[in-house]
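In what follows, a single structure is set out as structure tokens and then discussed.
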Amino acid sequence: MDKKLPDIIKSEGKKYQKEYRKIVKAIEKYDKIAIFRHTTPDYDALGSQLGFASWIKDNFPNKEVICLGDNHYSYTPRVFKEMDRVNANWFDDPVLAILVDVANTPRVADPRFKKAKYKIRIDHHPQVENWGKVILIDETYVACAEILGNMFLSLRDKYVLSEETARNLYIGIVGDSGGFRYQHTEPRTFYIAGELVKTGFNVTEVTQNMFLKPRNDLDLKKYILNNYQESEHGVAYYILTDKIQKELGIETEQGKESINIFANIEGINAWVSATEDVDDPVWKWRISLRSKNTPINGVAANYNGGGHENASGAKLKKIEQLPALIKDLDELFK
């Protein structure tokens with residue numbers, strides 16, 4: 001292990017060296033490797049997926065590595081490369097599937113991971129399913145990209161950590177930590193981010209590109225501020241119907257991206273976005289939930305969702321179910 005690494009990174013590396021060895025051994029064994037993550041991806045999902053892919057390509061150039069799933073309406077290709085496309089027969093050969101930043105199988109962006117002969121799971125969400133030949137799950141990390149960053153840094157004395165890999169992981173860490181502001185941002189987080197930056201990518205350029213917003217984001221925020229509602233005990237929420245989305249000229253995925261407009265506002269304890277998705281045959285409403293300190297993932301779990309203690313998602317068939325969800329959240333703050 002690299003003796004120049006900060007002690008906190010070396011300590012974490014020792015904790016998971018067994019898992020690291022198994023992961024590397026699987027990569028060495030399989031010629032075809034597919035990397036998966038959750039649908040409607042965020043910075044951490046894409047950064048972890050593409051960062052892992054570039055690390056494998058740098059260190060095992062003879063491997064065929066693909067990244068599968070849906071592209072993001074804005075991050076792709078502005079921040080990240082586009083996803084790969086392969087036919088079903090690509091999986092006729094033995095395949096290693098690596099799943100990152102996804103807690104349960106319904107959330108995996110491409111169901112073909114089930115065809116893989118060997119599966120590895122790396123995540124920082126609460127574990128709700130117990131499957132996979134190798135499982136590396138640690139809820140104390142702010143991002144899956146942070147877990148991978150610690151792994152790749154711990155293996156740096158033997159394997160290359162390129163600027164491209166570091167850049168992708170750094171974006172994932174910044175994204176899921178809210179710019180190093182959210183729960184589970186630890187001293188370790190800053191050390192890992194610092195070591196990644198040392199590879200040489202332009203931090204200013206990366207950060208500016210990450211947080212660049214389309215012009216219609218102003219209209220979206222204006223609508224939210226003029227139309228949000230607040231419960232008796234400080235649960236703020238807004239509803240974006242398909243009609244409103246069309247009037248504002250926004251994508252469905254944009255619906256939740258302004259949710260943190262209510263973060264750090266005195267008296268608001270939790271905040272919720274409800275975005276209509278007419279293309280979903282069953283779950284017509286996407287719900288995002290956030291809170292300052294009080295865990296809200298239990299409420300999310302009661303509405304077909306789950307996630308982190310202070311950042312979760314849920315799904316509803318009808319908007320008429322939203323008042324019950326808001327009431328359940330409101331009860332937490334009495």
Side-chain angles (χ1 to χ4, degrees), residues 37-42 44-45 99-108 121-131 135 137-144 146-147 175-178 181-186 228-240 255-277 280 282-334:
R37 39 75 186 165
H38 65 72
T39 189
T40 58
D42 55 12
D44 189 26
L99 292 88
V100 297
D101 196 41
V102 58
N104 55 346
T105 50
R107 288 276 289 154
V108 181
R121 295 173 58 203
I122 302 173
D123 192 21
H124 70 129
H125 295 92
Q127 185 172 348
V128 294
E129 296 179 351
N130 187 27
W131 57 267
I135 300 175
I137 296 177
D138 192 329
E139 297 176 40
T140 69
Y141 280 76
V142 76
C144 184
E146 184 186 3
I147 296 176
D176 246 28
S177 69
R181 292 182 292 116
Y182 296 162
Q183 185 186 34
H184 297 314
T185 300
E186 306 287 347
Y228 80 92
Q229 299 179 61
E230 186 177 347
S231 72
E232 181 181 358
H233 299 287
V235 179
Y237 61 99
Y238 61 90
I239 300 171
L240 295 173
K256 72 173 184 179
E257 293 182 2
S258 291
I259 188 172
N260 282 323
I261 196 171
F262 299 106
N264 304 314
I265 301 299
E266 185 179 3
I268 294 182
N269 300 310
W271 43 105
V272 178
S273 69
T275 308
E276 188 174 12
D277 184 3
D280 193 308
V282 179
W283 306 104
K284 297 296 184 182
W285 291 88
R286 301 182 188 180
I287 311 298
S288 292
L289 306 87
R290 304 288 186 269
S291 69
K292 288 178 179 174
N293 299 303
T294 302
I296 42 80
N297 53 343
V299 173
N302 291 332
Y303 292 88
N304 313 294
H308 300 293
E309 289 185 351
N310 305 113
S312 295
K315 296 177 290 185
L316 302 178
K317 292 182 178 180
K318 298 178 180 180
I319 194 60
E320 287 78 11
Q321 297 171 283
L322 183 63
L325 186 152
I326 299 300
K327 182 179 178 181
D328 287 348
L329 283 174
D330 201 59
E331 291 288 329
L332 298 176
F333 303 103
K334 283 187 175 180

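Along the sequence shown, the residues carry numbers beginning at 1.
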Shortest non-hydrogen contact from [X] to [Y]?
X	Y	answer
W285	L240	CZ3-O, 3.7 Å
V128	A103	CG2-O, 3.4 Å
S312	R290	O-NH1, 3.2 Å
Y237	V235	CD2-O, 3.6 Å
G255	S273	O-CB, 4.0 Å
N310	T294	ND2-O, 3.2 Å

Listed by chain and number, what are the ring pair (Phe, Tyr, Trp, His ring centres under 6.0 Å) partners of [X], not counting sequence neighbours?
X	value
H184	none
H38	none
Y182	none

Are the side chain of [X] and the backbone N or O of [Y] linked by a donor-acceptor pair below 3.5 Å?
X	Y	value
Q127	I137	no
K284	I319	no
N297	A300	no

Under a 3.5 Å cutoff, is there a donor and acceptor pairing between the side chains of D101 and H124?
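Per modelled atom types, D101 and H124 side chains form a pair under 3.5 Å.
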Do NZ/NE/NH1/NH2 and the carboxylate oxygens of D277 and R286 come within less than 4.0 Å?
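Result for this pair is yes, salt bridge flagged.
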Given side-chain contact (heavy atoms from CB on, under 4.5 Å), test T140 with E186 step by step and report yes or no.
CA-CA 9 Å; T140 69; E186 306 287 347; 5.9 Å; no
For residues 262-272, pull every pair meeting side-chain hydrogen bond (donor to acceptor under 3.5 Å, both in side chains), keeping only residues two or more places apart or in separate chains.
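Every pair satisfying side-chain hydrogen bond (donor to acceptor under 3.5 Å, both in side chains) with a residue in residues 262-272: N260-W271.
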Can you sort out the partners of R107 under salt bridge (charged side-chain N to carboxylate O under 4.0 Å, His left out), two or more places apart, ordered by chain and number?
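With neighbours one apart ignored, the set is empty.
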Run the side-chain donor-acceptor check on residues 324-334: report pairs under 3.5 Å with partners two or more places apart or on a different chain.
{"unit_1": "D328", "atom_1": "OD2", "unit_2": "Y303", "atom_2": "OH", "d": "2.7"}
{"unit_1": "D330", "atom_1": "OD1", "unit_2": "S231", "atom_2": "OG", "d": "2.5"}
{"unit_1": "D330", "atom_1": "OD1", "unit_2": "H233", "atom_2": "N", "d": "2.8"}
{"unit_1": "E331", "atom_1": "OE1", "unit_2": "K334", "atom_2": "NZ", "d": "3.4"}
{"unit_1": "E331", "atom_1": "OE2", "unit_2": "K334", "atom_2": "NZ", "d": "2.9"}

